[in-house]
Each structure stands twice: as C-alpha cells, then as structure tokens.
Chemist: 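Dropping the structure in here first, questions after.
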Amino acid sequence: MSHQHLYEAFYNQFNTTTTPRLFFAPGRINLIGEHTDYNGGHVFPASISFGTYALATKRTDNKLRFYSMNFPDIGIVECELTQLDYQPEHNWANFPKGMIKFIKESGYNIYSGMDILFYGDIPNSAGLSSSASIEMVTGVILEGLFQLKIDRVDMIKLGQMVENDYIGVNSGIMDQFAIGMGKSGHAIHLNTSTLAYTYAPIQLPNHAIMIIHTNKSRALADSKYNERRTQCEEALADLQCELQIESLGELSPEQFEKHKHLIRNNTNRKRAKHAVYENARTRDALKRLAENDLHGFGKLMNESHLSLQHDYEVTGIELDTIVETAWKQPGVIGARMTGAGFGGCAIAIVENDDIKAFKQNVNRIYEETIGYQATFYTAAIGDGAREIIGEVI
Ligand code: GLA
C-alpha cells in the first residue's frame, strides 16, 4: 500500500481536503517468555515492521469518524466524543474508541472530534498484536494532534486497560509495551512485575527470524486466554496458603517443585509449572544471547514450545505441525509458537542459506497434514509507535 494510496483513501472516505498527519504503530513477536506477563514474569518481545498506519485530522465539532481499509464492508464508524462506551456494532473501532475514552478520562484535554483512517499490514488474526497496535497508534495520534506529552509507560498501561476493562480480554502488558517501546534491531527484556526493562541487540548476520502463520483463525481464543489466566490465579491462591508470594513469577523451578503439592487441581498445577519454568527459561535465554550462544537460545525456544504444548495446552495441531516440522529442517536454530497461541503464528530462527528449503519443506508437510498452506514472512525488527514525518513507507 503506497503512501499516496492511503492519503487518497482518506480524502475520499471522509470527503475532505484537510491534509492529515501520518502515524504508525508496529505489531510484535515474542522471542520467549509466553504467558508469563500476567504472572509477574519476564518476557522478551520485539516490535516488527508490520503494523498499523493511521492518517488523522482534528475536526471542528465533536464527531469521531473511523474508517479501516482492512474492513471496508463496515464502512465509516461514527460516534460522539462524549459517547465512548463500548458498542458491539462498532466492531474493530472499539479499540481506538476505548483508547480515546481512557486517555480522556486520565485528564488529557481531547477537545474536538477527529477523522482517522487505519490501514494495517499485520496478517489477519495472526496473533501479532494487531489490536494493541491499533491502541498504541491511537495513543500517538492523540499525543500528536492535541500536543500532549503522555508518559509512554502510562500510554502502555492505558492500552492494556482497554483490553482488560473495555474489550474484556485479561491480557498482560507485553504487547502494548513491545509496541510502545520498540527499538529497531533490538528485543526488549521486560520484567513485568517491576516494568524494569533493557534492550538487547538482535544481531543475526547469518540467520533470519521467520514468522510462520498457520492461517488458522483464532476462534474462541479470548475465552480460552481468560481461562488460562484464571487457572494461574487459582494456582497462586493455593500456593499463598503457605508461601508469601504475590505472583508465580517470584518462584524458581526448585521452589515450585517443593511446593507444587499445595496446588489442589492437576490442570492448574500444570499451568503454574509452565509459568514458573518459562520465566526461568526467559532469564536464561537472555544470558545465552549475551554470550552469543545462539544454539543455547534456540534450545530454550524449543523447550518453551513443548511446555506451551503439554503443560499450558495453547498450541493445537496447526502450530505443533509447523514447529515440529521446523525442528527437523537443516539450519533451524530453534522454533516455537509466539503470542497467545490457539492458532496464529510460530517463529523460527533459520540459517540464511536454508530459508528456501525451509519454507518449501515446512509448507509441504503443513499442507499435507492440515489441508491448507502456511504463510512465511521474514521478521524485521523496527521502531515502536510514532508519528511518521518524512519517512518513506
Ligand atoms: C497475548 C497477550 C499478552 C501475553 C501473550 C502470551 O499476546 O495480549 O499479554 O499474555 O498473549 O504471552
């Protein structure tokens, strides 16, 4: 989608000649540390070059008009700045609406309506955080158009609030954090219990990070996600009968093994086991990377997938087929599902020379097993949410 195409669509849809400003927020992948962010654990995501573009202008009245080039059939969604409650019929536009509502309610002066056109090139229902990307692009639009200085971490927290309290998905803070704080060529090591973070350079001259989309629609993913979170909370409550901890992220695997009998329900025990071990793996993975031990990092990625498959049970046949096939290919350093799971994408670190064969082999076996093809992308790690001034898109 060219720059010019976006502007033309804006002028046509909103029937205006006012020049809009251009904003962008990326999607994200997570290298390791899955389903740890709402357990007070560590995560290691990176913002990618796919994301959400938005063109926006202020209006002279209080109307908000939203249009997405990804959902042309829905057309323009319109509402008043004073009526920002969730409306099912507003569909995708509830994401920017929720963000405007929460930023406004935090005391920022949003004094007029807006016209906003969105275009996202994040593959559909890929689990690469298109919703957090829309939230964060809305945040930077408000900052830009209304000359606000919103502390970035506050903006990130408001994005998470939109998911939790407006949309009804009890997600953690990883996606908004990765998108809000993303830095080209770096992944972010975030401790979700303190929000302390560091950037780790991802320099892989001989390898690429491949994103492999299962093309499986993520149906019912939200309710299953919320169920996993509740199971972890129940496990924590059982452990708290004897242990003075506030999150599963505080436990080492050794402490977990010593006290796991306190968790009364078998399923909950498996969920908690994943959260604790995945957190340890993530911290370990950081060390491996710092020591340039890419193979060690890859091994931890593989272990992460197995844990998500057997203990957390969020993978499914599509992701398992891709990941297990990837493991057998030459030049593969590691592979795992990324994001919430239940469909969506896997990632694999693959040697540059083997990428072509990797795609062919994985796709052939995937199609034979599942009945349709996977889609392959090479991940480029780009910058976080921002206004685009003079950049070529
Ligand atoms: C989704 C959520 C995140 C995180 C991941 C799993 O992407 O939005 O907060 O929990 O799943 O790691």
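Note that ligands are numbered from 1 as they come in the structure, with each ligand's atoms numbered from 1 the same way. It should be emphasised that the depicted structure is a prediction, and the values quoted were computed from it without experimental measurement.
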Chemist: Name the residues with a heavy atom less than 4.0 Å from ligand 1?
Modeler: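 Contacts of ligand 1 under 4.0 Å: Arg28, Glu34, His35, Asp37, Tyr38, Ser171, Gly172, Met174, Asp175, Tyr225, Gly339, Ala340.
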
Chemist: Could you give me the CA-CA distance, side-chain angles and deciding distance for Ile100 and Leu81, then say whether side chain to side chain contact (heavy atoms under 4.5 Å, CB included) is met?
Modeler: CA-CA 8 Å; Ile100 298 168; Leu81 190 55; 4.1 Å; yes

Chemist: Provide the closest heavy-atom pair for Thr36 versus Val43 in the form atom of the first, atom of the second, distance.
Modeler: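 Looking at all heavy atoms of both residues, the shortest contact is OG1-CG1, 3.3 Å.
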
Chemist: What residues, two or more places apart in sequence or in another chain, satisfy side-chain contact (heavy atoms from CB on, under 4.5 Å) together with Gln255?
Modeler: Leu251, Ser252

Chemist: Going by side-chain contact (heavy atoms from CB on, under 4.5 Å), name the residues that satisfy it together with His310, two or more places apart in sequence or in a different chain.
Modeler: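 For His310 the side-chain contact (heavy atoms from CB on, under 4.5 Å) partners, ignoring immediate neighbours, are Leu306.
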
Chemist: Take Ser112 and Asp61 through the test side chain to side chain contact (heavy atoms under 4.5 Å, CB included) and record every step on the way to the result.
Modeler: CA-CA 6 Å; Ser112 78; Asp61 58 14; over 6 Å; no

Chemist: Which atom pairs, donor and acceptor, lie under 3.5 Å between side-chain atoms of residues 17-29 and protein residues at least two apart or in another chain?
Modeler:
{"residue": "Thr18", "atom": "OG1", "partner": "Thr16", "partner atom": "OG1", "Å": "3.1"}
{"residue": "Arg21", "atom": "NE", "partner": "Glu387", "partner atom": "OE2", "Å": "2.8"}
{"residue": "Arg21", "atom": "NH1", "partner": "Gly144", "partner atom": "O", "Å": "3.4"}
{"residue": "Arg21", "atom": "NH2", "partner": "Gly144", "partner atom": "O", "Å": "3.3"}
{"residue": "Arg21", "atom": "NH2", "partner": "Glu387", "partner atom": "OE1", "Å": "2.9"}
{"residue": "Arg28", "atom": "NE", "partner": "Ser129", "partner atom": "OG", "Å": "3.3"}
{"residue": "Arg28", "atom": "NE", "partner": "Asp175", "partner atom": "OD1", "Å": "2.7"}
{"residue": "Arg28", "atom": "NH1", "partner": "Gly127", "partner atom": "O", "Å": "3.1"}
{"residue": "Arg28", "atom": "NH2", "partner": "Ser129", "partner atom": "OG", "Å": "3.3"}
{"residue": "Arg28", "atom": "NH2", "partner": "Asp175", "partner atom": "OD1", "Å": "3.2"}

